[in-house]
There are 2 protein chains.
Amino acid sequence: MTALTAAELDSKRIEQKIKQIEVSHFVEEVGLIFEAVGLPRMAGRIFGWLLIANPPHQSMGDLVEVLQASKGSISTMTRLLIQISLIERVSLPGQRRDYFQIKPHAWSQLTQQRMTQITAFRQLAERGLNLLSDQPPQLRQRLQEMHDMHAFLEKRCPYWISDGNKNNNG
Amino acid sequence: MTALTAAELDSKRIEQKIKQIEVSHFVEEVGLIFEAVGLPRMAGRIFGWLLIANPPHQSMGDLVEVLQASKGSISTMTRLLIQISLIERVSLPGQRRDYFQIKPHAWSQLTQQRMTQITAFRQLAERGLNLLSDQPPQLRQRLQEMHDMHAFLEKRCPYWISDGNKNNNG
DNA sequence: AGCTTTGTTCAGTAAGTACTGAACATTCCA
DNA sequence: TGGAATGTTCAGTACTTACTGAACAAAGCT
């Protein structure tokens with residue numbers, strides 16, 4: 001195979017630079033969206049990197065290096081991500097290091113957590129309706145709406161999870 | 001009509017005390033659940049009170065008194081709630097004061113916002129898939145799952161909003 | 001006009017979050 | 001055994017959030 005010309009090498013270097021910037025932006029973007037849903041940004045950045053990393057499992061040292069973060073931060077945030085079932089810790093034969101990777105069906109877990117939140121809203125609406133049990137219907141309508149909407153969503157949540165997984169396997 | 005006995009009066013007072021405590025708990029609970037979804041607790045407390053208040057419209061002074069909060073806080077948080085379409089400002093004839101009340105179909109708005117978040121996740125997954133466009137399918141599966149799950153939810157969201165409203169009108 | 005009422009603005013501050021990195025604990029290797 | 005590698009813990013700190021309440025602006029009343 002013929003060697004690349006200097007121009008071709010330059011072009012490849014530029015492509016790689018662009019790729020690195022895109023990767024960095026992607027990782028930061030996942031961080032921001034995690035922040036938007038109430039999770040720490042660093043947890044999102046870890047998750048973002050694990051979504052695209054090759055190999056898909058990364059050690060703490062890898063994460064420290066790639067994300068330019070402290071070991072303490074990576075340690076705390078990886079344990080948070082494990083706790084909320086988005087990543088898992090894996091060990092490799094003959095390796096002292098722990099490795100982290102995206103948990104299979106992580107999104108089902110996240111959807112489950114969204115469902116838990118909907119249930120909390122529905123339950124709160126029921127408590128509110130109890131408080132207004134002696135009031136006329138017009139005064140209860142605010143809570144009835146809240147209740148009905150969330151009871152409706154709650155009823156369909158399980159199908160979201162199961163249908164969503166079928167799509168993945170289909 | 002015959003006057004209540006002292007014992008009956010005592011019993012009613014106790015009932016009212018219990019009711020007040022339940023109301024306070026409800027309001028604080030809504031505050032906590034708002035906090036859990038990334039909104040300020042005070043916004044939740046305002047919303048919680050407006051869910052059960054009689055009359056359903058309350059002035060700033062009412063909110064300051066009931067919630068034992070500063071005018072500055074109530075001012076800032078009511079404007080936040082208006083901005084995210086959960087409450088609205090109403091004026092009453094011959095009244096100088098502004099009043100706030102739960103916006104009709106507020107929950108459709110909140111569901112809309114949930115959908116926006118799902119769209120953001122799906123779009124991010126697409127960006128990630130683009131980054132890994134030259135990689136084998138096993139490496140892309142993490143992002144494919146994220147994409148498929150959110151594309152699936154996104155497709156159904158509009159029906160949940162419209163079906164949820166139908167339930168309310170039915 | 002002055003006064004009162006009402007809602008907004010924002011400086012100040014308390015509290016909470018989340019990050020760093022040193023110290024430490026654990027495990028493995030020579 | 002001592003040293004190296006790895007991950008955890010936590011004191012310290014920077015930063016952010018969100019609350020208070022005084023000062024202010026606007027509007028209505030007398």
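This structure is a prediction, so every number in the text was calculated from the model and none was measured. The figures that follow rest on heavy atoms only: side chains count, while hydrogens, waters and symmetry mates do not.
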Taking everything shown except A/Glu65 itself, do over 12 heavy atoms lie less than 6.0 Å from its CD?
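Result for CD/A/Glu65: open.
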Kindly check if the number of other-residue, nucleotide or ligand heavy atoms within 6.0 Å of CD (B/Gln141) is above 12?
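It does not: B/Gln141 CD has 12 such atoms or fewer within range.
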Could you pull out the closest heavy-atom pair between A/Pro104 and B/Glu145, with the gap in Å?
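Shortest heavy-atom separation between A/Pro104 and B/Glu145 comes out as C-OE1, 4.5 Å.
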Minimum heavy-atom distance A/Pro56-A/Leu50, with the two atoms named:
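Looking at all heavy atoms of both residues, the shortest contact is O-CD2, 4.0 Å.
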Can you list the residues that meet the ring-ring contact (aromatic ring centres under 6.0 Å, His included) rule with B/Phe100, with sequence neighbours excluded?
none
Can you list everything that forms a ring-ring contact (aromatic ring centres under 6.0 Å, His included) with A/His57? Sequence neighbours excluded, please.
A/Tyr99
Can you check the [X] [atom1] to [N] [atom2] distance for me, whole Å?
{"X": "A/Leu63", "N": "C/dT20", "atom1": "CG", "atom2": "C1'", "value": "17 Å"}
{"X": "B/Ile82", "N": "C/dG7", "atom1": "CD1", "atom2": "C1'", "value": "12 Å"}
{"X": "A/Asp98", "N": "C/dC28", "atom1": "CG", "atom2": "P", "value": "11 Å"}
{"X": "A/Arg97", "N": "C/dC28", "atom1": "CZ", "atom2": "C1'", "value": "14 Å"}

Of residues 27-55 of chain A, the positions that come close to DNA chain D - non-hydrogen atoms, cut-off under 4.0 Å:
none
Got a sec, which pairs hit salt bridge (charged side-chain N to carboxylate O under 4.0 Å, His left out) with one end in residues 29-51 of chain A, sequence neighbours left out?
A/Glu28-A/Arg45, A/Glu29-B/Arg127, A/Glu35-A/Arg41
Ring centers of A/Phe121, B/Trp107 separated by less than 6.0 Å
yes
Here the residues of residues 87-96 of chain B within 4.0 Å heavy-atom distance, strictly under, of DNA chain C are B/Arg89, B/Arg96
Name every residue in residues 64-80 of chain B that has at least one heavy atom under 4.0 Å from any atom of DNA chain C, in order of residue number, or write none if there are no such residues.
B/Lys71, B/Gly72, B/Ser75, B/Arg79
Does a side-chain heavy-atom distance below 4.5 Å link A/Ile87 with A/Lys103?
no
Between the side chains of B/Glu126 and B/Arg122, is the shortest nitrogen-to-carboxylate-oxygen separation below 4.0 Å, so that they form an ion pair?
yes
